[in-house]
Amino acid sequence: MRVVVGVGGGIAAYKVCAVVSALVQRGHEVQVVMTEAATHFVAPLTFAALSGRPVAVEAEAPVEAGPIGHVALAHWADALVVAPAPGELLARLAHGLAHDMLGLVYLGLTGPRLVAPAMEPEMWAHPAIQRAVATLTADGVTWVGPEFGRMASGYQGVGRMAEPEAIVEAFEAVTAPKDLRGLHCLITAGPTWEFFDPVRLLTNPSTGTMGVELAREAVRRGATVDLVHGPRVAVPRLPGLSAWPVVSARDMLARCLERLAAGPAVDVVIAAAAVSDFRPAEPLPHKAHKADVASVWPVEPNPDVVAEVSRRLGPAAVRVGFAAETDGLETSARKKLASKGLDFVVANPVGPDRGFGDAPYQAWWIGPEGPAEALAGDKRSVARAIWDRVRRRWEEKAGTKLPRQ
Ligand code: C5P
């Protein structure tokens, strides 16, 4: 996507370097436009180096841009991100004042416009600024932040610019096709913890990354998600995403069943959690001592969360499981497909140095027919490919099309 990042004059401008860098790393073409004031905080050369393009500051377009140079950039861009946006800039944009390149791009662009305000709390609260915010909202601007926290002045309040990751996430959400709108999804993620005494447990190295990426992608594309996740999973706060932390496999099942009962009806379940298949049969009430070795190890099977959930869903729901194996991957994945009543299984080879967290990752998409299909890229790209396939399957099963936008 072609993105103009408009940098306003404020100390948070230094954080926008990370925004530009992240957008470039995600494959976007970024053109930075700075207000004159912004150049007092960060040198244009910094943004030029990060984006690989000279930075535009003045309203005067370069001669080579042609006779309509003042709108060439707005026509080139698919989207605009303004960060940081101080109060004066918000007021100016709300009135359509375009004496510099940022103002011109704002007026000339037809795509999404995301704005990250940053100013002292009393300025943000001032009626003049709140009037500008109301006008810009009515004009279709999407906001990210401001957040509550410590200001450069030392005061606390609402006025901090949203963190770079939140700005990038909001950008992805505002520009994503809303082709999953109307779907309600249940996703499981992360490990489970099965205690054999009050302080020791049976678990695995899962971090929940895959489940979280699936949830992110779903809400970006307009779905709502209940994410039931095990311990120590870093869950982002996103509109449309409800997170339900649990500890053990039995907790995970109970929470999933409770979400099913609470409604709305689940259209898609994706079980990405690495649920412990076993739990200690008789957890000790006190910390195990060396002499307790015999009573520590007996285990008993856990309930199968996805199989139980799958049984309770309507016929049109799409059910996806994961199979993480150190050996016999495809055979085991195909067995799970049948025994758990799933539409698809995503199969991953796992080991001490692969499959978990940010370690090298390979995923195979396995359905009831045809050969396994490799899903390329990192967990984020895999999540995108999974949702493309789930959407197609949901449309087939439901016999109806989801709206594309
Ligand atoms: O552990 P297993 O390899 O059987 O996991 C396959 C699939 O079943 C995964 O999608 C996992 O989330 C799910 N599962 C579950 N409850 C279990 C075991 C696995 O939901 N107790």
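Residues: numbered from 1 along the sequence shown. When a ligand or atom number is given, it counts from 1 through the structure's own listing order.
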Name of the residue among R220, R391, R384, R392 meeting salt bridge (Lys or Arg N to Asp or Glu O under 4.0 Å) with D179: R391

Kindly confirm or rule out a cation-pi arrangement of R113 over Y106, judged by NZ or CZ under 6.0 Å from the six-membered ring centre and within 45° of its axis? yes

I'd like to check V81 versus V4 (side-chain heavy atoms, cut-off strictly below 4.5 Å). Are they in contact? no

Protein residue, atom and distance nearest to atom 21 (N) of ligand 1, heavy-atom basis: P303 O, 2.8 Å

If you count the atoms of ligand 1 from 1 in the order shown, which ones are under 4.0 Å from a heavy atom of A271? 9 (C), 10 (O), 12 (O)

For D226 and R255, what are the C-alpha separation, side-chain angles and deciding distance, and is it a salt bridge (Lys or Arg N to Asp or Glu O under 4.0 Å)? CA-CA 10 Å; D226 277 323; R255 185 60 86 179; over 6 Å; no

Mind checking whether K340 has an N or O less than 3.5 Å away from an N or O of ligand 1? yes

Taking distance alone, with no angle check, do K336 and ligand 1 share an N/O pair under 3.5 Å? yes

Measure M252 to ligand 1 on non-hydrogen atoms and call it side chain, backbone, both or neither using the 4.0 Å cut-off. neither

Numbered in order shown, the ligand 1 atoms found under 4.0 Å of a heavy atom of A273 are 11 (C), 12 (O)

Hey, are T203 and E194 close enough side-chain-wise for a donor-acceptor pair under 3.5 Å? no

How are the rings of H286 and H289 set relative to one another: parallel (under 30°), tilted (30 to 60°) or perpendicular (over 60°)? parallel

Look only at interatomic distance and state if F322 has a nitrogen or oxygen under 3.5 Å from any nitrogen or oxygen of ligand 1. yes

Which atom of G230 lies closest to which atom of V233, heavy atoms considered: O-CG2, 3.3 Å

Show me which atoms of ligand 1 lie under 4.0 Å from any heavy atom of G321. 10 (O)

Pairs of nitrogen or oxygen atoms closer than 3.5 Å, one from V305 and one from ligand 1: do any exist? yes

Looking only at distances, can you tell me whether any N or O atom of V306, backbone or side chain, sits closer than 3.5 Å to an N or O atom of ligand 1? yes

What atoms of ligand 1 come within less than 4.0 Å of a heavy atom belonging to D277? 1 (O), 18 (C)

Given F344, which of W364, F322, W394, W365 fulfils the ring pair (Phe, Tyr, Trp, His ring centres under 6.0 Å) condition? W365

